[in-house]
Amino acid sequence: MRVYLGLAAKRPEAGLPETVLHTVREAISAAFPVPPEVIRAREWHHPGVSLFAWTNEPDDSRQPALLHDGHDRVTGVNGHLAAPGEVVRLAGMPVLGTEAVGGCFSVFRATGRELSAATAIHRVCPVYYAETPDMHVIGSRALLVHLAARGDLVEWDVLALQSLIRQGYFLSDETPYRGVTALPPSSAVTVAGGSRTITRTPLPTAAPAPVSRRQKRALIEELAGALLATVEPLRATGEPVNLALTGGRDSRLVAAVLHAARIPLRATTNGLDVHPDVVLAGRIARALRIEHTVIPPVRAEKKDAILVEHPLARAYETLRACEGMTSAYESVVGYLPYNARPTMSGQSGEILRSGGFLLLQTDLAAKALSRRVDTTFLRDPALFSEAANEHARELARPWRERPGLEALDHMYVTYKVGRWQAGARAGALRRGDPIWPFLDNRVVGAALGLDQNWRLSEEVIHELITMFAPSLRHIPIEGKPWRFTVGRRYRPWQRRPQSLTAPKTGAGWNWRTAPGEELTALLREHVLGRLDLLAPIVSPDEVRKLFAGPVLGKPTQAWHLYTVATMLDGAYPGKAPEGLDPIRVPIPS
């Protein structure tokens, strides 16, 4: 994980006060959620411009240097580049931008005259910015930007938190911190001569659906080339890639890409031997002639309850790792020492299938799509104050004015990936920086340029798998059938792609969504005891109704409220809570 922070004086001739530089050096301990002894740091200073960089990576062998030096500038890459040497190109651009560069990254650059940063097409490696009367602040961690701008004073943007309570992440460019804003996708922020400018490249407009086999082939080959480029850095790792493989679509495509690129890999699947994920992953592994390890679930002795972490400890760690960008409902990956071992999964493959919002939509009529936009921004309006609902309506307005398919497609990349995933993945990035092909800058650009209905049909991802690994063509997928096969007539000599559905079992129990009376009581006491802090954005009476029963009826919403109440109460930044006993949650019989 890398962290960057840049400062630029509004009056360059006056420079930056030494006290501000000291504040930044002190603030990193609160803003970088790793032990201080594992942090490496570099700084670059010029009158009026400074760029700080920190990392817990032990060395720079896989990526460009923490700060790449030029004759009058330094450049830092947060994330990874498909071709590490592209840092030279980024450093030399007259105007900083990311459009033609492969990888999953954001970039920070400082010269003697300006400070700039840019996001990739999905901004999953975020950039945040703020300003004071004397300077502009740009960085990769929102809390660090806030502390650099305000010293040790944390001020919350309370109204912005309405989205976090509704959905568990931000459906805007807002952050929990007053005055700190997330840079949009495919955007650059530049401070020169004391003034800040922001330039934005719109997300690609999808082309009409191809009408001939030749057109389809050309578009799929373009996307295939971008996917192959994403795994090139793995050639230098010197060991096989460990792929989390299931019987589904997305991890299968990753396996096919690695196979086509002739990059050694081994596969791991969690589950029982009879589960379709394990059965189908085994067939995929045999077809590709790769090692396959099955990790069965731990079968504990029969118990009537489990012990879970106290919710305040859980919320604190979520706030520490994710900066209040996601809810404590999410299970954030805990800290472990950084490990450069290459790992991959099929995460974010929904982008190649028009995104999760459209995948959940059964009715694609214009009115239905418009309703989906509204319900996404205005979920459970009765729970919220009128000010919060009006704020949400204003955020939704620009998306209502766009064609429904494009709006939901771009909303998924802009918010579900660019805000939720950007926040939630922060915990995992402390352990390493995995290669995610479906989050590559060029892959996402190529995918968004394809017709949404065509991507949604899943024909694109099916054709990619077949192109990369023909031996996988007739191996069924787990779950629902391929969408493009539904209702399609097949000739007697044609073979319909198959699917395999797991039997329904009671294994889906989750203590977060079935918290029991003791945990419910803790969540209730904490939230209701802080209703005065939440009152500007929620209806206190409706919140009391939410917690009226002995066991929560809407546990996800309760976790979101608990997270925001903890944040507003000032639990973080600060010392971790101590002396909290685990909580007993009964297991349903």
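If you read the sequence from its start, that first residue is 1, and numbering goes on from there. Source: prediction; values computed, not measured.
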Hey, does the side chain of Asp440 reach the backbone of Gly103 with a donor-acceptor pair shorter than 3.5 angstrom?
yes
What I want to find out is whether Arg442 reaches Glu232 closely enough, with some N-O distance under 4.0 Å, to be called a salt bridge.
no
Quick one: do Ser348 and Gln421 satisfy side-chain hydrogen bond (donor to acceptor under 3.5 Å, both in side chains)? Show the steps, please.
CA-CA 9 Å; Ser348 301; Gln421 197 165 118; 2.8 Å; yes
Kindly indicate whether the side chain of Arg89, heavy atoms from C-beta on, has any atom under 4.5 Å from the side chain of Leu81.
no
Side chain to side chain contact (heavy atoms under 4.5 Å, CB included) between Leu161 and Leu568, worked out:
CA-CA 10 Å; Leu161 295 171; Leu568 296 178; 3.7 Å; yes
Quick one: does NZ or CZ of Arg314 land under 6.0 Å from the six-membered ring centre of Trp559, within 45 degrees of the ring axis?
yes
Between Asp134 and Arg11, is a side chain to side chain contact (heavy atoms under 4.5 Å, CB included) present by the stated rule, with each step listed?
CA-CA 7 Å; Asp134 302 314; Arg11 291 187 300 117; 5.7 Å; no
Nearest-0.5 Å distance that lies between atom OH in Tyr128 and atom CG in Leu183
10.5 Å
Check this for me: Arg341, atom CZ, are more than 12 non-hydrogen atoms of other residues, nucleotides or ligands nearer than 6.0 Å?
no
Under 6.0 Å from the six-membered ring centre of Tyr129 and within 45° of its axis: does the NZ or CZ of Arg196 meet both?
no
Any luck finding a side-chain donor-acceptor pair between Glu99 and Thr201 under 3.5 Å?
yes
N/O donor-acceptor pair under 3.5 Å between Arg430 side chain and Pro33 backbone
yes
Within the distance-only criterion (no hydrogens, no angle test), does the side chain of Ser354 pair as donor or acceptor with the backbone N or O of Gln452 below 3.5 angstrom?
yes
Hey, are Arg2 and Asp60 close enough for a salt bridge, meaning a charged N less than 4.0 Å from a carboxylate O?
yes
Does Asn389 use its side chain to pair, donor to acceptor, with the backbone of Pro381 at less than 3.5 Å?
yes
Where the side chain of Arg379 meets the backbone of Arg166, is there a donor-acceptor pair that is under 3.5 Å apart?
yes
Any side-chain donor near an acceptor of the partner, Ser327 and His560, under 3.5 Å
yes
Taking every non-hydrogen atom, the tightest pair across Val443 and Leu352
CG1-CD1, 4.1 Å
Minimum side-chain heavy-atom gap Val543-Leu528 below 4.5 Å:
yes
For Leu395 and Gln162, what are the C-alpha separation, side-chain angles and deciding distance, and is it a side chain to side chain contact (heavy atoms under 4.5 Å, CB included)?
CA-CA 11 Å; Leu395 293 174; Gln162 60 85 24; 3.7 Å; yes
Quick test of your reading of the model: are Arg123 and Asp173 salt-bridged, counting only N-O distances below 4.0 Å?
yes
His146 versus Glu323, side-chain donor and acceptor atoms under 3.5 Å
no
Heavy-atom side-chain contact between Met93 and Leu90 under 4.5 Å:
yes
Could you check whether any side-chain N or O of Thr175 sits under 3.5 Å from a backbone N or O of Val180, counting only pairs where one atom can act as donor and the other as acceptor?
yes
Shortest non-hydrogen contact from Ala229 to Ala82?
O-CB, 3.8 Å
What heavy-atom pair brings His136 and Gly194 nearest, and what distance separates the two atoms?
NE2-O, 3.2 Å
Please round to the nearest 0.5 Å and tell me the distance separating atom NE2 of His122 and atom CG of Asn441.
6.0 Å
Note, Tyr169 side chain near Glu330 side chain (heavy atom, < 4.5 Å)
no
Pro577 side chain near Tyr316 side chain, heavy-atom distance below 4.5 Å:
yes
Do you know the tightest heavy-atom contact between Leu143 and Tyr572?
CD2-CE2, 3.6 Å
Side-chain ion pair, Arg419 and Glu174, N-O less than 4.0 Å:
no
Lys/Arg-Asp/Glu bridge criterion (N-O < 4.0 Å) met for Asp374, Arg400:
yes
Tightest non-hydrogen contact, residues Gln167 and Thr375, listed as NE2-O, 4.2 Å
Would you please indicate yes or no on a ring centroid separation below 6.0 angstrom for His45 and Phe52?
yes
Could you go through the side chain to side chain contact (heavy atoms under 4.5 Å, CB included) check for Leu358 and Asp409 one step at a time?
CA-CA 7 Å; Leu358 280 171; Asp409 187 19; 4.2 Å; yes
How about Leu533 and Asp569: do any of their side-chain heavy atoms sit closer than 4.5 Å?
yes
From Leu144 atom CG to Leu5 atom CG, the distance as rounded to the nearest 0.5 Å:
4.5 Å
Which distance, rounded to the nearest 0.5 Å, do you find between the CH2 of Trp420 and the OG of Ser163?
14.0 Å
How about Tyr415 and Trp399: are their ring centres within less than 6.0 Å of each other?
yes
Please check if the side chain of Thr119 supplies one atom and the backbone of Pro184 the other of a donor-acceptor pair under 3.5 Å.
yes
Considering all heavy atoms, the nearest Ala30-Leu147 contact:
CB-CD1, 4.4 Å
N-O pairing of Arg25 and Glu43 below 4.0 Å
yes
Is the shortest heavy-atom distance from the side chain of Thr111 to the side chain of Glu114 under 4.5 Å?
yes
For the CZ atom of Arg113 and the OG1 atom of Thr190, what is their distance to the nearest 0.5 Å?
12.5 Å
Mind checking the CD1-CD spacing from Ile39 to Glu37? Nearest 0.5 Å is all I need.
8.5 Å
Counting distance only, does the side-chain N/O of Thr566 pair as donor-acceptor with the main-chain N or O of Val564 below 3.5 Å?
no
Using only atom types and a distance under 3.5 Å, with no angle test, would you say the side chain of Thr563 pairs donor to acceptor with the backbone of Ala328?
yes
So do the side chains of Leu378 and Arg393 get within less than 4.5 Å of each other, counting heavy atoms only?
yes
Just by modelled atom types, is the Met1 backbone N or O under 3.5 Å from a matching donor or acceptor in the Thr55 side chain?
yes
Enclosure of Asp532 CG (heavy-atom neighbours >12, cutoff 6.0 Å)
yes
Positive for ring pair (Phe, Tyr, Trp, His ring centres under 6.0 Å) with Tyr4, one of Trp44, Phe32, Trp54, Phe108:
Phe108
